[in-house]
A.B. asks: 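I have a structure here, written as structure tokens, and I will follow up with some questions on it.
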Protein chains: 2
Amino acid sequence: MRDELTACPVETTLLLINNRWKVLILRELLDGTKRFGELKKAIGSISSKVLTSHLRSMEESGLVDREVFAEVPPHVEYTLTETGNSLKPILDAMKEWGTDYQAKINSELKEAKDN
Amino acid sequence: MRDELTACPVETTLLLINNRWKVLILRELLDGTKRFGELKKAIGSISSKVLTSHLRSMEESGLVDREVFAEVPPHVEYTLTETGNSLKPILDAMKEWGTDYQAKINSELKEAKDN
DNA sequence: CTGAATCCTGATGGATACTG
DNA sequence: CAGTATCCATCAGGATTCAG
């Protein structure tokens with residue numbers, strides 16, 4: 001996993017969304033702009049540190065915009081960029097496939113139980 | 001990453017292909033049945049151990065079929081199952097997105113250089 | 001040829017405490 | 001509120017060696 005140059009576009013995509021947390025963040029933000037705290041609460045089991053680091057990484061990749069409001073207490077909003085939003089079809093495809101897959105697994109489990 | 005129960009289908013999908021190696025294996029096998037050695041050679045920088053473990057995992061997930069020929073020297077073939085093949089649209093979507101993304105990055109780099 | 005067994009490493013993520 | 005700073009445990013993955 002040492003490549004800066006990822007020849008294959010599939011790998012490039014994977015580098016940006018191969019992570020569970022990134023996908024969860026993506027899913028939340030596809031829903032619209034959210035604040036740091038909202039993200040943390042929505043995702044639930046993520047620590048501040050990890051959330052921050054992934055948001056930073058996604059910002060660097062150009063998927064997410066970070067807007068800081070000069071207020072006390074602090075107020076920071078995260079929004080998907082156009083590039084980030086363009087990942088939606090992939091997420092949707094994954095959702096659809098995952099749904100089918102789960103259904104398949106469940107029916108297999110049921111069959112096994114019936115025998 | 002402690003969930004056995006992944007409520008979200010997107011996460012389910014991610015569990016199966018969130019890995020660089022798995023995707024590379026997938027890509028090779030989308031091309032048709034391959035032997036262990038062929039996979040190893042095609043992927044290049046993967047160790048036997050890692051290749052084996054991912055193939056096993058994908059077999060368990062029902063993405064890959066493993067066929068052993070009772071010969072000396074050993075001969076083992078790996079083939080995508082129907083379920084495995086059904087991931088192709090996702091891979092394609094990722095490939096397309098990655099291509100666009102790379103193009104975008106490159107054009108940005110070029111702009112930066114022009115200034 | 002197709003692995004299995006070991007050992008080792010860095011990186012990732014979780015827990016916790018602290019701050020402007 | 002939105003992080004940063006530390007420390008620690010885990011684990012995937014690489015190198016190497018051996019085996020049926």
Side-chain angles (χ1 to χ4, degrees), chain A residues 1-4 6 8 11 14-29 32-61 64-80, chain B residues 1-4 6 8 11 14-29 32-61 63-79:
Chain A
M1 203 75 74
R2 54 210 72 286
D3 1 10
E4 295 305 322
T6 312
C8 171
E11 287 187 64
L14 211 59
L15 278 176
L16 303 182
I17 60 162
N18 63 356
N19 183 282
R20 169 182 152 84
W21 299 126
K22 285 186 184 172
V23 174
L24 293 181
I25 293 169
L26 219 44
R27 196 180 50 183
E28 291 305 319
L29 292 183
T33 296
K34 296 231 168 103
R35 298 182 56 171
F36 184 87
E38 290 178 304
L39 283 173
K40 188 157 155 52
K41 186 176 169 192
I43 296 178
S45 52
I46 193 172
S47 70
S48 299
K49 175 193 154 190
V50 174
L51 179 54
T52 301
S53 74
H54 283 120
L55 283 170
R56 292 279 191 281
S57 152
M58 293 167 79
E59 201 189 343
E60 238 184 304
S61 316
V64 166
D65 268 339
R66 177 170 180 265
E67 187 174 9
V68 182
F69 295 81
E71 302 175 357
V72 178
H75 179 144
V76 181
E77 287 186 351
Y78 292 92
T79 313
L80 286 188
Chain B
M1 202 70 79
R2 54 208 70 288
D3 0 11
E4 295 306 321
T6 312
C8 170
E11 287 187 65
L14 211 58
L15 278 176
L16 303 182
I17 59 163
N18 63 357
N19 183 284
R20 168 183 153 82
W21 299 124
K22 285 186 185 173
V23 174
L24 293 182
I25 293 168
L26 220 43
R27 197 181 48 182
E28 291 306 319
L29 291 183
T33 296
K34 296 229 169 105
R35 298 182 56 170
F36 184 87
E38 290 178 306
L39 282 173
K40 188 156 156 51
K41 186 176 169 191
I43 296 178
S45 51
I46 194 172
S47 70
S48 299
K49 177 193 155 191
V50 174
L51 179 54
T52 301
S53 74
H54 283 118
L55 284 170
R56 291 280 189 281
S57 153
M58 293 168 78
E59 200 189 344
E60 239 184 302
S61 316
L63 301 183
V64 167
D65 267 339
R66 177 171 181 266
E67 188 175 8
V68 182
F69 295 81
E71 304 175 357
V72 177
H75 179 144
V76 181
E77 287 186 352
Y78 293 92
T79 313

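We name chains A, B, ... by the order of the sequence lines, and we start the count at 1 in each one. Both backbone and side-chain heavy atoms feed into the values below; hydrogens, waters and symmetry mates do not. If you're wondering where the values come from, they're calculated on a predicted model, not measured in any experiment.
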A.B. asks: To the nearest angstrom, how far is B:Ile25 atom CD1 from D:dA12 atom C1'?
C.D. replies: 14 Å
A.B. asks: Between atom NZ of B:Lys41 and atom NZ of B:Lys34, what is the distance when rounded to the nearest 0.5 Å?
C.D. replies: 11.0 Å
A.B. asks: How many Å lie between CD1 on B:Ile46 and P on D:dG13, as a whole number?
C.D. replies: 8 Å
A.B. asks: Should the side chain of B:Lys49 and the base of C:dG3 be counted as holding a donor-acceptor pair, with the cut-off at 3.5 Å?
C.D. replies: no
A.B. asks: Looking at B:Arg35, I'd like to know whether one of its side-chain N or O atoms comes within less than 4.0 Å of OP1 or OP2 on C:dT2.
C.D. replies: yes
A.B. asks: Among D:dT4, C:dT2, D:dG13, which nucleotide sits nearest the side chain of A:Thr52?
C.D. replies: D:dT4
A.B. asks: Hey, which of A:Asn19, A:Ile17, A:Ile25, A:Leu16 is the one that makes side-chain contact (heavy atoms from CB on, under 4.5 Å) with A:Met58?
C.D. replies: A:Ile25
A.B. asks: Verify the contact: side-chain N or O of B:Arg66 to OP1 or OP2 of C:dG3, cut-off strictly under 4.0 Å; return yes or no.
C.D. replies: yes
A.B. asks: Any side-chain to backbone donor/acceptor pair from B:Ser57 onto B:Ser53? Under 3.5 Å, distance only.
C.D. replies: no
A.B. asks: So, is A:Tyr78 close to the D:dC1 phosphate, meaning a side-chain N or O under 4.0 Å from OP1 or OP2?
C.D. replies: no
A.B. asks: Within the structure, does a side-chain N or O atom of B:His54 lie under 4.0 Å from either OP1 or OP2 of D:dG13?
C.D. replies: yes
A.B. asks: May I ask you to verify if any side-chain N or O of A:Arg56 is less than 4.0 angstrom from the OP1 or OP2 atom of D:dT4?
C.D. replies: yes
A.B. asks: Rounded to the nearest Å, what distance is computed from the CD atom of residue A:Glu67 to the P atom of nucleotide D:dG3?
C.D. replies: 13 Å
A.B. asks: Starting at atom CG of B:Asn19, determine the distance to atom P of D:dA12, rounded to an integer number of angstrom.
C.D. replies: 10 Å
A.B. asks: Report the distance from atom NZ of B:Lys22 to atom C1' of D:dA12, rounded to the nearest whole Å.
C.D. replies: 11 Å
A.B. asks: Check the distance between D:dG13's P and B:Ile43's CD1 and give it to me in whole angstrom.
C.D. replies: 12 Å
A.B. asks: Mind calculating the distance between CG (A:Asn18) and P (C:dT12) to the nearest angstrom?
C.D. replies: 10 Å
A.B. asks: Kindly state each residue pair satisfying side chain to side chain donor-acceptor pair (under 3.5 Å) with at least one member in residues 64-73 of chain B, sequence neighbours excluded.
C.D. replies: B:Arg66-B:Tyr78
A.B. asks: Return the 5'-most residue of the pair B:Glu77, A:Ser53 with respect to DNA chain C, ranking by each residue's nearest nucleotide.
C.D. replies: B:Glu77
A.B. asks: Assuming nearest nucleotide by heavy-atom distance, tell me which of B:Ser48 and B:Pro73 is located more 5' along DNA chain D.
C.D. replies: B:Ser48
A.B. asks: Rounded to the nearest Å, what distance is computed from the CZ atom of residue A:Phe36 to the P atom of nucleotide D:dA2?
C.D. replies: 8 Å
A.B. asks: Return the minimal non-hydrogen interatomic distance between B:Ala42 and B:Glu28, and the atom names on each side.
C.D. replies: CB-OE1, 3.4 Å
